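Just so you know, residue 1 is the first one in the sequence shown, and it goes up from there. The model shown is predicted, which means the values in this text are computed figures rather than measured ones.
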Amino acid sequence: MALFPDAEFRPVTRYAPGGPNHVVSSGQHRLVFHTAVTQAQSLFDFFNTPKNAVAHFFIAEDGGVEQYIDTDFESSADLDGDHDIISVESWDDKRIRDWTPAQVEACAKLAAWCHKVHDIPLVKLPSSRPGLKGVGWHRLGIPPAPGGAFTQPAGQLLGGRVEGGETWTLSPGKKCPGDPKIKGVVDAIIPRAIEIANGDDMSAADVKAINDHTDDRINHVIDVINARAASQRQLIKDRLAGLRKAVDRSASPAEIKQLLDKLAKSIDDDDDRTPGRAGPASMSSGGAARTAVVGDVGGPLDEPTEGEGAEPRPAGARGSVT
């Protein structure tokens, strides 16, 4: 079985072995992203309804991933391209919008996994022409509506199906997955997937968590230093006051010497406990650490859509979701 380890596997059984829509892929060569035109955080109920076309994956707003079909098997989301496409639907708040940061990370991890398991190259898919390999988006296989046009002509980044390309929908003119998400695939998802494939699997959220923890620890140390410094200064002041009182009442030389020795020891202890009397700057990865005050002068310390019609019979034409 080919199951993405970061996904919750919720199999749509009619696509599993023995199901009426089960078809073994001839080999997965393309990863194609869609947008679901939905506010739902799962498409299982929709996909689990007979006659609705089904994608392999869904990426929720928070980056959660659901897998519905083993990627060794065909989905029904890309019509003529189903034979070698791994299809990915995504949350979009029912509008054209960019990926959330969590979606970018999830999509990149999925792309890196597809590269490892299915040898799909982490490069931009240039068109829907058969025989090509890479990471793309639904619009590559969508012809413009009669008399209409996409943001750019076919063959450019935001264009639709080129001549000789496969058709991946029964609804010409669909914008899926929208200009912002198309740009995000090229500018964010593919570069991040390459980093992950090369061993850098630490996300931006992981880095931020480490930086926040580091800042918290630094601030704690600074608080301890400041508390000890304040306590030591108070001890010096108390002993100095005691010395002054002893002088005022004409205490014996021995008592005054004893008080002077205690005062000197307090000052020596303060020097020992205060790192960097000149006030070294605190080192923080996030730059959020507070300033430690040392001494008397502070040191800067597309709706899963309605589908493209009925899903395929085992030997029939296939449908597609956005």
Side-chain angles (χ1 to χ4, degrees), residues 30-43 45-47 52-66 75-79 81 85-108 110-111 124-128 134-162 165-193 204 302-309 319-322:
R30 298 174 286 189
L31 177 66
V32 172
F33 290 99
H34 299 240
T35 198
V37 194
T38 185
Q39 294 176 324
Q41 299 299 327
S42 170
L43 294 187
D45 290 341
F46 177 84
F47 285 155
N52 285 338
V54 183
H56 287 96
F57 295 96
F58 174 71
I59 311 294
E61 176 185 9
D62 64 357
V65 183
E66 289 186 342
S75 74
S76 54
D78 292 286
L79 203 63
I85 284 179
I86 294 175
S87 52
V88 184
E89 272 292 355
S90 60
W91 173 91
D92 55 14
D93 199 27
K94 215 168 184 178
R95 60 189 174 91
I96 296 296
R97 55 161 295 149
D98 201 351
W99 305 94
T100 67
Q103 284 182 314
V104 169
E105 187 68 16
C107 289
L110 176 57
K124 178 174 71 70
L125 188 67
S127 75
S128 66
V135 180
W137 46 90
H138 196 197
R139 191 185 297 177
L140 289 171
I142 303 176
F150 291 117
T151 310
Q152 293 177 341
Q156 296 190 22
L157 180 66
L158 303 177
R161 182 177 64 85
V162 301
E166 294 173 337
T167 298
W168 293 347
T169 180
L170 295 175
S171 302
K174 269 188 174 181
K175 296 180 179 179
C176 180
D179 291 359
K181 282 191 173 180
I182 290 173
K183 294 175 182 176
V185 171
V186 175
D187 296 337
I189 292 174
I190 293 176
R192 178 64 184 134
D302 342 29
E303 221 154 22
T305 63
E306 60 286 357
E308 305 289 359
S320 171
V321 292
T322 47

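- Expressed to the nearest 0.5 Å, how far CG of L31 lies from CD1 of I189 amounts to 9.0 Å.
- In this structure, CG on D78 lies 11.5 Å from OG1 on T167, to the nearest 0.5 angstrom.
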### Task
With side chain to side chain contact (heavy atoms under 4.5 Å, CB included) as the test, would you mind laying out the steps for K183 and L158 before giving the verdict?
CA-CA 8 Å; K183 294 175 182 176; L158 303 177; 3.9 Å; yes
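- Residues F57 and V88 have side chains in contact (heavy-atom distance under 4.5 Å, counting atoms from C-beta outward).
- With S90 contributing its side chain and I59 its backbone, the two residues share no donor-acceptor pair below 3.5 Å.
- Taking the side chain as every heavy atom from C-beta outward, I96 and P180 approach each other to under 4.5 Å.
- With hydrogens and angles disregarded, no donor-acceptor distance shorter than 3.5 Å links the side chain of D93 to the backbone of R95.
- For the atom pair CZ of R97 and OG1 of T35, the computed distance is 9.0 Å after rounding to the nearest 0.5 Å.
- Proximity of a side-chain donor or acceptor of R139 to a complementary backbone N or O of G160 within less than 3.5 Å is not detected.
- Nearest approach of S128 to W168, heavy atoms of both residues: CB-CZ2, 3.4 Å.
- Put simply, NZ on K174 and OG1 on T169 are 4.0 Å apart, with the number rounded to the nearest 0.5 Å.
- In this structure, P172 and P144 approach most closely via the heavy-atom pair CB-O, 3.7 Å.
- Residues K181 and D92 form a side-chain contact, since some pair of their non-hydrogen atoms from C-beta on lies under 4.5 Å apart.
- The two residues V54 and F47 come nearest to each other via the heavy atoms CG2-O, 3.5 Å.
- Considering every non-hydrogen atom in both A193 and A111, the closest pair reads CB-CB, 3.8 Å.
- Using bins of under 30°, 30° to 60° and over 60° for the plane-to-plane angle, the ring pair W99/F33 lands in the perpendicular bin.
- Rounding to the nearest 0.5 Å places CG of L140 at 11.5 Å from CZ of R161.
- Remark: T151 OG1 to I182 CD1 distance equals 7.5 Å, nearest 0.5 Å.
- Not a single side chain to side chain donor-acceptor pair (under 3.5 Å) links Q156 to another residue, sequence neighbours left out.
- A heavy-atom distance below 4.5 Å is not found between the side chains of F46 and T38.
- A donor-acceptor pair is defined here as one N or O able to donate and one able to accept, closer than 3.5 Å; such a pair exists between the side chain of Q152 and the backbone of L157.
- Scanning both residues, S127 and V162, for their nearest heavy atoms gives CB-CG2, 3.7 Å.
- Looking only at distances, no side-chain donor or acceptor of H34 sits under 3.5 Å from a matching main-chain atom of C176.
- For S87 (side chain) and V32 (main-chain N/O), no donor-acceptor pair under 3.5 Å exists by modelled atom type.
- For the residue pair E61 / T100, no side-chain donor-acceptor distance below 3.5 Å is found, with atom types taken as modelled.
- Side-chain atoms of Q103 come within 3.5 Å of backbone atoms of W91 as a donor-acceptor pair (strictly under, hydrogens ignored).
- Smallest separation of non-hydrogen atoms from G159 and F150: C-CD1, 4.2 Å.
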